[in-house]
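Values below: every heavy atom of this structure, side chains too, minus hydrogens, waters and symmetry copies. Every chain is numbered from 1, with letters handed out A, B, ... down the list of sequences. Every value quoted in this text rests on a predicted model; they were computed, and no experiment measured them.
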Amino acid sequence: MYAHKEIEKKWQERWEEARVFEVSEDEQKKLKKRYVLDMFPYPSSNGLHVGHPEGYTATDIYCRYLRMSGHHVLHPMGWDAFGLPAENYAIKEGTHPAETTRKNIQTFKRQIKSLGFSYDWSKELNTSSPDYYRWTQWLFLQLYKQGLAYKKKAPVNWCESCQTVLANEQVVNGACERCKNPVVQKELEQWFFKVTQYAEELLSCLDTLDWPEPIKLAQKNWIGRSEGALIEFKLQATSYKLQAFTTRPDTLFGATYMVLAPEHALVAQLKEQIKNWKEVDAYRASARKKTELERAHLEKEKSGVPLEGVTAINPANNQEIPVWIADYVLASYGTGAIMAVPAHDERDFAFAKKFSLPIRMVVCPHYPAPTCPVLDEAYEGGGHMVESGEFNGLPNEEAKWAITKKVKGERVTQYRIRDWLISRQRYWGAPIPIIYCDTCGTVPVPSADLPVLLPTDVDFKPTGESPLRRSKSFHKISCPTCGKPARRESDTMDTFVCSSWYYLRYPNATEIAEPFTKESLAYWLPVDMYVGGAEHAVLHLLYARFITKALRDLGYLSFDEPFARLRNQGMILGEDGEKMSKSRGNVINPDDVIASHGADTLRLYEMFMGPFEATKPWSTGSIIGIRRFLDKAWKLYERLEVRGERLEVKKPILEKLLHKTIKKVTHDIETFNFNTAISALMILLNELGKTAQKHEGLSQKTRDAFLLLLAPFAPHLAEELWERDGHSTLIARASWPTWDETLVKDEIVRVIVQVNGKPRDAFDAPADTDDKALQKEALAREKVQKWIGGRQPKKIVVVRGRLVNIVV
RNA sequence: GCCGCGGUGGCGGAACUGGCAGACGCACAGGACUCAAAAUCCUGCGAGAGCAAUCUCAUGAGGGUUCAAUUCCCUCCCGCGGCACCA
């Protein structure tokens with residue numbers, strides 16, 4: 001048993017003193033760069049959980065390996081420090097969020113350091129510090145100048161419990177992502193970032209990224225591109241026209257009614273014509289009150305009200321059709337109005353059935369058919385046109401654009417993604433740097449006046465109004481343009497704005513009077529490897545991509561995508577196979593594992609549990625296996641030192657295994673297959689142990705190679721053994737071992753002999769034995785002859801270096 | 001409902017490009033050491049049959065392709081994750 005406590009402390013101090021993990025201008029000149037980044041944590045009051053070290057260990061192994069193989073590595077860590085929990089804690093306990101955050105960061109930093117990660121702490125950043133959020137505000141102003149940040153009154157998601165608006169991405173199942181309370185719609189004036197302007201590029205650039213496919217798919221679906229047509233419907237006896245977006249213009253002849261979203265502006269304008277206005281207005285009011293959850297989740301039950309006295313003209317056949325309002329049509333997508341084709345759309349079908357509206361089939365799967373069948377569900381597939389005038393008989397895909405053309409429709413592309421709502425009516429965030437003046441209107445805070453400091457004299461209690469409004473020192477100000485009394489914007493920015501650009505800040509010297517410098521970005525960006533949880537698929541990862549593209553178009557960046565490679569760590573479940581949570585009481589604290597088994601053991605264990613990206617359960621009992629492995633290594637080197645057995649008896653098998661292991665571990669680190677890399681190290685160590693037990697000795701080269709391979713995984717133990725074995729330099733700065741490909745290849749291979757596909761025998765043969773000789777040997781074998789039983793082989797398959805299959 | 005990921009011993013998991021299924025580790029059993037225990041070391045360890053050599057079955061279920069399938073194709077079942085009326 002080695003003394004992990006002392007050894008780990010010793011080497012953590014040595015690394016810090018020697019500043020081995022800090023980037024240097026010297027290396028910048030001669031080495032190839034690698035920027036390896038972890039998604040920075042929100043420093044919660046619970047401290048680190050075992051999920052954090054999983055990703056951090058992976059990047060650390062990767063970075064240590066990269067440094068040893070001659071790269072200049074930037075590996076920074078920081079704090080995503082603004083956010084609701086600290087503020088909620090302030091409301092409950094009265095402790096200022098700045099204080100809570102400071103404490104939590106201290107804990108996180110201590111815990112992260114205790115794991116021996118090779119971060120460059122000189123680059124540490126904190127999004128809640130004025131040095132940082134000053135530039136978040138700068139970012140806002142840049143977007144504002146470009147018209148990419150704008151204020152708009154719109155129906156937005158409102159969380160009653162958090163008393164703030166939420167971005168679309170933060171509404172989960174109609175409920176607030178944080179507090180799980182239902183989200184309601186509110187009409188409010190809010191700040192947005194124009195993500196939609198980049199919808200097409202955000203979609204098309206996905207192909208260029210080395211990211212997990214599921215994440216790319218999630219983004220693709222979230223962006224939700226669909227091609228279709230805008231078709232204009234005249235309203236009977238009025239001068240109003242109604243535009244509808246459809247992806248199925250081919251079904252226009254089957255449009256038997258129209259539906260407007262309850263919030264559609266035209267509804268109010270038609271008040272005079274609507275005979276049942278009272279009923280219509282009541283419906284509108286009730287739709288507004290419904291939560292997202294109610295609106296979406298009661299999906300089976302469609303509801304709606306006809307606009308009596310209002311009819312539209314179907315431009316395809318000039319038929320007069322009714323117009324309804326219903327909340328299954330969303331105001332925020334397309335034009336907020338649809339042409340309803342119940343025969344070919346599931347939702348329209350359900351609605352038509354409920355309100356006994358006509359269903360007319362116009363796309364027939366079996367053509368020519370004498371009559372169209374009566375449908376018991378909508379038919380959404382393809383086929384040929386029927387009941388569609390001159391288009392009858394055309395394949396529906398062709399009819400799409402022919403019909404669009406006939407009715408003078410416009411071919412358009414729609415996206416599901418919405419602009420990013422970034423205002424928050426909360427305290428603990430970066431203030432939006434805007435001033436409202438009665439004379440000058442909306443005035444951006446001049447860059448020189450940044451940062452707009454978050455005031456401290458604030459009552460945190462959320463009332464639906466921004467807490468900052470209650471700070472007199474903050475709210476009232478004179479207009480920077482005309483000097484007259486004016487007021488500050490009192491909302492803060494979504495914390496996702498802070499995290500949307502932090503990777504651009506790290507590479508710079510910390511005390512610069514700019515958000516980042518061109519030189520530092522040119523050298524370090526884009527991030528070569530980014531690691532974090534998959535839960536950010538359509539949040540942070542999408543926002544960061546958007547910000548990168550926006551800054552590029554503003555002339556600040558010269559690359560299109562921030563993160564070239566992305567890997568997601570899988571979730572670690574509790575021992576009961578359930579998600580770790582306080583209420584279940586299945587949370588594992590890394591501190592405890594470090595105390596009992598050591599940081600190296602924890603690191604190795606988390607990597608050995610299973611594939612990096614897989615969800616896997618924690619198993620306290622299995623940790624001992626890793627600790628035994630490290631103890632074995634310790635004992636081996638101790639024994640060799642005591643006995644002075646440091647000369648190796650030439651052992652070709654061991655040498656071969658060593659080279660195979662070097663190759664495997666190298667390859668596995670590069671592909672993030674850490675579990676199999678560790679298993680290879682175990683196999684090697686077991687062999688080294690056997691050799692040592694026979695007093696055969698181990699050469700310097702062999703002893704070094706094992707430690708070098710171990711170093712990225714268990715850096716403390718590797719340093720200690722490296723030193724004890726006579727080295728005076730750090731293993732963290734040593735060179736990664738190389739392998740000899742000729743030694744990796746086996747000269748003698750085991751050849752399997754199958755009879756009718758079943759393995760019956762095996763023999764050893766030189767790897768380059770030709771097919772004929774293999775076949776001859778296989779057939780000559782007694783066992784094989786027995787299985788053939790005198791029959792004539794019908795076919796013999798020979799795979800060189802692997803097997804012979806005899807079919808009889 | 002749609003999309004994605006997965007299902008291999010008692011457990012976590014290996015398996016290159018289709019080529020001996022179960023590497024490595026945990027647990028378990030037997031042995032060595034010990035007065036004894038712990039630790040450590042050695043051996044065994046998918047199921048069934050057999051004294052044994054060995055044989056049969058086995059990668060969620062069923063079918064298919066192939067000389068050969070955990071791996072490729074089809075149908076279905078189960079678990080997990082995401083999206084959720086996007087016209």
Side-chain angles (χ1 to χ4, degrees), chain A residues 1 171-174 212-218 220-222 224-226 228 244-248 251 259 261 292-293 295-300 302 326-330 332-341 344-348 350-351 414-418 534-535 537-538 570-571 573 577 579 604-605 608-611 613-626 628-629 631-632 635 667 673 675-683 686 689 693 750-762 783 793-799 801-808:
Chain A
M1 290 282 277
V171 180
V172 178
N173 285 330
E213 281 308 314
I215 299 284
K216 291 208 235 179
L217 239 135
K220 191 180 161 198
N221 292 338
W222 187 261
R225 180 194 153 106
S226 42
F245 172 73
T246 176
T247 53
R248 295 292 304 273
T251 63
V259 187
E292 276 274 307
L293 198 66
R295 245 175 111 150
H297 224 258
L298 303 168
E299 65 190 278
K300 291 271 142 40
K302 295 267 184 292
D327 64 7
Y328 83 91
V329 174
L330 307 175
S332 50
Y333 185 77
T335 62
I338 61 155
M339 60 178 226
V341 186
H344 302 294
D345 181 280
E346 194 192 331
R347 298 149 299 174
D348 297 344
F351 192 82
Q414 284 284 334
Y415 300 90
R416 224 187 67 117
I417 192 169
R418 310 290 149 81
E535 68 274 13
V538 295
M571 209 198 315
L573 304 173
K579 238 183 201 171
L604 228 40
Y605 172 66
F608 189 63
M609 288 170 80
E613 307 219 345
T615 305
K616 42 210 175 273
W618 184 265
S619 165
T620 300
S622 300
I623 299 173
I624 191 68
I626 293 292
R628 278 181 197 147
F629 164 66
D631 279 332
K632 256 187 237 176
K635 276 187 290 195
H667 186 255
N673 291 116
N675 55 335
T676 49
I678 292 167
S679 135
L681 287 173
M682 287 172 168
I683 293 168
N686 287 342
Q693 212 155 35
R750 174 130 282 222
V751 177
I752 307 306
V753 187
Q754 298 184 338
V755 178
N756 286 336
K758 299 211 179 219
R760 296 304 184 189
D761 201 3
K783 249 191 196 167
K794 284 182 205 146
K795 186 176 183 179
I796 300 179
V797 181
V798 182
V799 182
R802 274 197 190 281
L803 65 69
V804 179
N805 187 8
I806 301 157
V807 188
V808 292

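A donor-acceptor pair under 3.5 Å is formed between the side chain of D345(A) and the backbone N or O of D348(A). Using modelled atom types, no side-chain atom of Y605(A) and backbone atom of T620(A) make a donor-acceptor pair closer than 3.5 Å. Side chain of K616(A) to backbone of P611(A): a donor-acceptor contact under 3.5 angstrom is found.
The residue among L803(A) and G621(A) whose nearest nucleotide of RNA chain B lies closer to the 5′ end is L803(A). Checking N805(A) against V799(A), the closest nucleotide of RNA chain B that is more toward the 5' end is the one next to V799(A).
Within 4.0 Å of N686(A), counting heavy atoms only, lie sugar-phosphate atoms of the nucleic acid but no base atom. When heavy atoms are screened at a 4.0 angstrom cut-off, T246(A) is found touching the sugar-phosphate backbone but no base atom. Residue contacts shown for R760(A) are limited to sugar-phosphate atoms, with no base heavy atom under 4.0 Å away. As judged by a 4.0 angstrom heavy-atom cut-off over every strand, K794(A) is placed among residues making no nucleic acid contact. Contact annotation for N675(A): backbone-only contact, meaning every heavy-atom pair under 4.0 Å involves sugar-phosphate atoms and none involves a base. S622(A) comes within 4.0 angstrom of sugar-phosphate atoms only, judged by non-hydrogen atoms across all strands, and of no base. In this structure, L217(A) reaches the sugar-phosphate backbone alone: every heavy-atom distance under 4.0 Å involves primed, P, OP1 or OP2 atoms, never a base.
You'll find the side chain of T251(A) reaches within 4.5 Å of the side chain of M339(A), heavy atoms only.
Going from the P atom of rC74(B) to that of rG6(B) covers 16 Å, rounded to whole Å. Atom P of rA49(B) sits at a distance of 36 Å from the matching atom of rC67(B), rounded to the whole Å. Nucleotides rA53(B) and rG4(B) are separated by 49 Å at their P atoms, to the nearest Å. Taking atom P in both rC28(B) and rC16(B), the straight-line distance is 31 Å, to the nearest Å. For the P atoms, the distance from rG9(B) to rU70(B) is 14 Å, rounded to whole Å. When the C1' atom is used for both rC2(B) and rC85(B), the distance is 12 Å, rounded to whole Å. Rounded to the nearest Å, the gap between the C1' atom of rG18(B) and that of rU66(B) is 9 Å. Spacing between rG10(B) and rA27(B) at atom C1', rounded to whole Å, works out to 7 Å.
When the nucleotides rA87(B), rC67(B), rC20(B) are ranked by their closest atom to the side chain of I752(A), rC20(B) comes out on top. Among the nucleotides rC5(B), rC85(B), rC3(B), the one closest to any side-chain atom of N221(A) is rC3(B). Considering only the side chain of P759(A), rA21(B) comes nearest among rA21(B), rC67(B), rC16(B). Checking rC24(B), rA27(B), rC85(B) against the side-chain heavy atoms of I624(A) singles out rA27(B) as nearest. Relative to the side chain of R802(A), the nucleotides rC16(B), rG12(B), rC85(B) differ in distance, and rC16(B) lies closest.
Between the C1' atom of rA87(B) and the CG atom of L330(A) lies a distance of 9 Å, rounded to the nearest Å. One can place CG of D345(A) at 18 Å from P of rG1(B), the figure rounded to the nearest angstrom. Rounded to whole Å, atom C1' of rC26(B) lies 10 Å from atom CD1 of I626(A). One interatomic measurement links the two molecules: CZ of R416(A) to C1' of rC3(B), which rounds to 11 Å at whole-angstrom precision. Protein atom NZ of K579(A) is 8 Å distant from nucleotide atom C1' of rG81(B), rounded to whole Å. Rounded to a whole Å, the NZ atom of K632(A) is 7 Å from the P atom of rC26(B). To the nearest angstrom, C1' of rC2(B) lies 15 Å from CH2 of W222(A). Whole-Å rounding puts the K616(A) NZ to rG6(B) C1' distance at 13 Å.
For K758(A), no side-chain nitrogen or oxygen approaches OP1 or OP2 of rA58(B) to under 4.0 Å. Look at K795(A) and you'll find a side-chain N or O under 4.0 angstrom from OP1 or OP2 of rC67(B). In terms of phosphate contacts, R750(A) brings no side-chain nitrogen or oxygen within less than 4.0 Å of OP1 or OP2 of rG19(B). Note on S226(A): a side-chain N or O is less than 4.0 Å away from OP1 or OP2 of rA87(B).
Look at rA52(B): it lacks any Watson-Crick or wobble partner with both distances under 3.5 angstrom. Partner assigned to rC2(B) is rG82(B), using Watson-Crick or G-U wobble distances below 3.5 angstrom. Using the Watson-Crick or G-U wobble rule with both distances under 3.5 Å, rC16(B) pairs with nothing in any strand shown. Across all strands shown, rC11(B) forms a Watson-Crick or G-U wobble pair, both distances under 3.5 Å, with rG25(B). Figure legend. rC76(B) is base-paired to rG60(B); pairs are counted as Watson-Crick or G-U wobble with both atom distances under 3.5 Å.
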*Could you walk me through whether K795(A) and N805(A) pass the side-chain contact (heavy atoms from CB on, under 4.5 Å) check?*
CA-CA 8 Å; K795(A) 186 176 183 179; N805(A) 187 8; over 6 Å; no
*List the steps, then state whether side-chain contact (heavy atoms from CB on, under 4.5 Å) holds for N756(A) with V808(A).*
CA-CA 7 Å; N756(A) 286 336; V808(A) 292; 3.6 Å; yes
*Where do M571(A) and T615(A) land on the side-chain contact (heavy atoms from CB on, under 4.5 Å) test, with the steps shown first?*
CA-CA 5 Å; M571(A) 209 198 315; T615(A) 305; 4.2 Å; yes
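For the residue pair R416(A) and N221(A), the shortest heavy atom distance occurs at NE-O, 3.6 Å.
No donor-acceptor contact under 3.5 Å links the side chain of R628(A) to the base of rC26(B). Between the side chain of Q754(A) and the base of rG19(B), at least one donor-acceptor pair of N or O atoms lies under 3.5 Å. Contact annotation: side chain of K302(A) to base of rC85(B), donor-acceptor pair present below 3.5 Å.
Classification of the F351(A)-Y328(A) ring pair by plane angle, with boundaries at 30° and 60°, yields tilted.
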